[in-house]
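We're numbering straight along the sequence, starting at 1.
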Amino acid sequence: MNIDYIWLVVAFAITAVVGVVLHRWQRPVLPRLYVWITLAGTLFATYYILNVFFGTGRTGWP
């Protein structure tokens, strides 16, 4: 599996923004586990989308 580190850093930045938004403005407050699961999913999905659209598109995943 090839990782494009530039898109991974961009995905981390977008995930951090989503995390800040969830932390500050969520009502009702979600359990911490749900927030962590959401952030992990956001990181995975954002990286995959950025890599397919702008990167090599070859992640080794089917």
To the nearest 0.5 Å, atom CD1 of Ile3 lies from atom OH of Tyr47 at 5.5 Å
Table please: side-chain donor-acceptor pairs of residues 27-42 below 3.5 Å, with sequence neighbours left out.
| from | atom 1 | to | atom 2 | distance (Å) |
| --- | --- | --- | --- | --- |
| Thr38 | OG1 | Tyr34 | O | 2.7 |
| Thr42 | OG1 | Thr38 | O | 2.7 |

Value for OG1 (Thr46) from CH2 (Trp7), rounded to nearest 0.5 Å, stands at 12.5 Å
| query | What about Val9 and Phe53, same hydrophobic cluster or not, with Ile/Leu/Val/Met/Phe/Trp/Tyr joined at side-chain heavy-atom distances under 4.5 Å? | reply | no
Value for CG (Leu43) from CG (Leu8), rounded to nearest 0.5 Å, stands at 6.5 Å
Shared ILVMFWY cluster between Val10 and Val20, side chains joined below 4.5 angstrom?
no
- Say whether Phe44 and Val18 are linked into one hydrophobic cluster, either directly or through other cluster members, by side-chain heavy-atom distances under 4.5 angstrom. no
